[in-house]
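Here's the structure we're looking at; comments come further down.
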Amino acid sequence: ERPDEVFPDAGIHIVADDPIVVYVIVRYYYTSGGFLPIPVSKLGKKYIVSSYPVDPLFAENNYYLPGYVGIVAAYDKTTVQFTLGGNYKTQTAGGILPEQTVQRTLNKGDVWMISTKGSGSDLTGSQIVSDKPVAVVTGNECVNIPIGKPWCDYIVEMAIPTYSWGYNYHIPNTSKLPRRKYAPLLRILAKEKNTTLYRDGKEFGFLKSTNGMEGNGWVETRMNPEVPYTHYPVVISGDKPISVTLYNPSAQDDDTTNTNAYNDPFYMTIIPVEQYSKEILFCSPGLFESRRFEENYIGFIYQTDSTGNLPDNI
């Protein structure tokens with residue numbers, strides 16, 4: 001890891017005459033990840049981020065693959081406060097401890113990078129508050145999901161501001177797409193104190209604080225925790241605004257001999273019902289002819305017709 005640091009003018013600013021969609025793909029030989037950048041007009045002044053802890057297995061092999069938060073200023077003279085969340089093992093490479101707040105002033109294009117230090121360290125629940133809109137990107141250099149289950153992969157996602165959080169989240173059935181045995185993991189974060197969580201209308205959790213600490217400000221759960229190898233779509237909701245992030249587990253979370261389950265970790269922010277759109281434009285990665293992705297998947301969520309099927313107007 002390297003100390004928390006501001007990198008002047010390290011951000012990338014893309015400008016177009018007409019509306020465009022931009023997708024970032026990070027492609028290495030054995031690992032990859034990507035995210036959809038949020039336009040400057042939709043950035044916010046407050047974020048609570050999702051990440052994942054550093055696996056102690058890495059330290060046993062004498063290497064370290066940190067988690068990180070990258071904060072990019074869209075305007076000059078932007079005051080940014082960062083409050084660390086996580087768990088009792090969490091600290092940053094710059095010495096920040098849980099519930100401590102540090103402040104920096106960024107100019108347009110500056111990037112403030114904050115990374116973890118030590119095994120088990122987790123940035124989930126950390127809060128970013130600024131006086132002007134900023135962009136926030138989070139992830140891990142390589143992560144096992146859950147801890148202790150290889151193989152690791154690079155993960156990355158762009159955080160959505162808290163003003164766009166919602167009350168209801170549809171989580172699609174993921175068993176048939178990547179052919180996984182166990183259901184994926186979910187991390188659910190609270191925007192306000194004393195938030196009650198529901199799975200398909202039944203209460204399953206309560207977050208009493210927004211201090212960013214595990215168990216108080218956020219919780220981790222399996223999508224379908226009741227019966228192993230059981231998959232079905234669920235609705236996660238809260239009586240106050242929440243954020244839901246889905247984590248695809250490592251291959252060995254299922255079975256080391258199941259080659260059909262061999263897909264690596266990724267994570268993605270789930271969009272709330274309140275932010276659904278009537279038209280969506282997306283891309284699939286098609287990089288490097290000799291290293292193309294053989295399969296791509298779409299999780300399609302829609303309101304069924306009277307027979308339970310896809311309506312004709314889609």
May I have the step-by-step check of side chain to side chain contact (heavy atoms under 4.5 Å, CB included) for Ile236 and Ile171, ending in yes or no? CA-CA 7 Å; Ile236 300 295; Ile171 316 298; 4.0 Å; yes
How about Asn107 and Thr78: do any of their side-chain heavy atoms sit closer than 4.5 Å? no
Do Tyr163 and Lys46 have side-chain heavy atoms sitting under 4.5 Å apart? no
With side chains defined as the heavy atoms from C-beta onward, is the minimum distance between Arg199 and Thr221 less than 4.5 Å? yes
Residue Glu203 excluded, over 12 heavy atoms near CD under 6.0 Å: yes
In this structure, CG of Asn194 is separated from CZ of Phe206 (nearest 0.5 Å) by 4.0 Å
If we only count heavy atoms from C-beta on, is the Val69 to Val136 side-chain gap below 4.5 Å? yes
Specify whether His170 and Tyr276 have parallel, tilted or perpendicular ring planes, treating 30° as the upper limit for parallel and 60° as the lower limit for perpendicular. tilted
With no hydrogens and no angle check, is any side-chain donor or acceptor of Asn168 less than 3.5 Å from a backbone partner on Ser237? no
Is there a side-chain contact between Trp218 and Thr245 (heavy atoms, below 4.5 Å)? no
Walk me through whether Thr90 and Asn87 qualify under side chain to side chain donor-acceptor pair (under 3.5 Å). CA-CA 5 Å; Thr90 295; Asn87 54 48; 3.1 Å; yes
Should Phe58 and Tyr64 be marked as a ring pair (Phe, Tyr, Trp, His ring centres under 6.0 Å) after you check the CA-CA gap, both sets of side-chain angles, and the distance that decides it? CA-CA 6 Å; Phe58 300 151; Tyr64 190 73; 8.1 Å; no
Test log, rule side chain to side chain donor-acceptor pair (under 3.5 Å), inputs Thr116 and Ser121: CA-CA 6 Å; Thr116 59; Ser121 187; 4.6 Å; no
Taking Tyr232's backbone N and O only, do any of them form a donor-acceptor pair with Asn224's side chain (distance below 3.5 Å, no angle check)? yes
For a side chain to side chain contact (heavy atoms under 4.5 Å, CB included) with Thr83, tell me which candidate from Thr101, Ile48, Ile128 qualifies. Thr101
Any donor-acceptor pair under 3.5 Å from Asp253 side chain to Lys149 backbone: no
Have a look at Ile242 and tell me which of Leu197, Leu207, Thr196 forms a side chain to side chain contact (heavy atoms under 4.5 Å, CB included) with it. Leu197
Distance-only, no hydrogens or angles: does the Asp110 side chain make a donor-acceptor pair with backbone N or O of Asp9 under 3.5 Å? yes
Determine, step by step, whether Tyr267 and Thr138 satisfy the side chain to side chain donor-acceptor pair (under 3.5 Å) criterion, reporting the C-alpha distance in whole Å, the side-chain angles of both residues, the deciding distance to 0.1 Å, and the verdict. CA-CA 10 Å; Tyr267 80 141; Thr138 63; 2.6 Å; yes
Calculate, to the nearest 0.5 Å, the distance between atoms OH and CD1 belonging to Tyr169 and Ile271 respectively. 8.0 Å
Using side-chain heavy atoms (C-beta onward) and a distance below 4.5 Å, is Arg187 in contact with Asp122? yes
Taking NZ in Lys240 as the centre, count heavy atoms belonging to other residues, nucleotides or ligands within less than 6.0 Å. Is the count above 12? yes
Quick one: name the residues clustered hydrophobically with Ile20, using the 4.5 Å side-chain heavy-atom rule over I, L, V, M, F, W, Y, and just say none if it's on its own. Ile12, Ile14, Val22
Rounded distance [0.5 Å steps], CD1 in Ile280 versus CD1 in Ile298: 10.0 Å
Thr105 side, atom OG1; Asp76 side, atom CG - distance, nearest 0.5 Å: 11.5 Å
Heavy-atom check, side chain of Gln81 versus side chain of Gln103, under 4.5 Å: yes
Between NZ on residue Lys45 and OG on residue Ser130, distance to nearest 0.5 Å: 7.5 Å
For the OH atom on Tyr88, are there more than 12 heavy atoms of other groups (residues, nucleotides or ligands in this structure) within a distance under 6.0 Å? no
Phe300, CZ: over 12 other non-hydrogen atoms inside 6.0 angstrom: yes
With a distance cut-off below 6.0 Å to the six-membered ring centre and an angular limit of 45° from the axis, does Arg104 pair with Phe82 as a cation-pi contact? no
For the CD atom of Gln275 and the CD1 atom of Ile160, what is their distance to the nearest 0.5 Å? 7.0 Å
Would you please test Tyr247 and Tyr52 for ring pair (Phe, Tyr, Trp, His ring centres under 6.0 Å) and show each step? CA-CA 9 Å; Tyr247 294 76; Tyr52 210 75; 5.3 Å; yes
With a 4.5 Å cut-off on side-chain heavy atoms, are Val156 and Tyr68 touching? yes
Set out, in order, the CA-CA distance, both residues' side-chain angles and the distance that settles side chain to side chain contact (heavy atoms under 4.5 Å, CB included) for Leu185 and Glu220, then state yes or no. CA-CA 7 Å; Leu185 296 167; Glu220 179 181 300; 3.8 Å; yes
Checking the side chain of Thr162 only, and the main-chain atoms of Tyr47 only, is there a donor and an acceptor separated by less than 3.5 Å? no
Give the C-alpha distance, both sets of side-chain angles, the deciding distance and a yes or no for side chain to side chain contact (heavy atoms under 4.5 Å, CB included) between Val134 and Leu106. CA-CA 10 Å; Val134 295; Leu106 308 180; 5.5 Å; no
Side chain to side chain contact (heavy atoms under 4.5 Å, CB included) assessment of Thr269 paired with Phe35: CA-CA 10 Å; Thr269 300; Phe35 64 92; over 6 Å; no
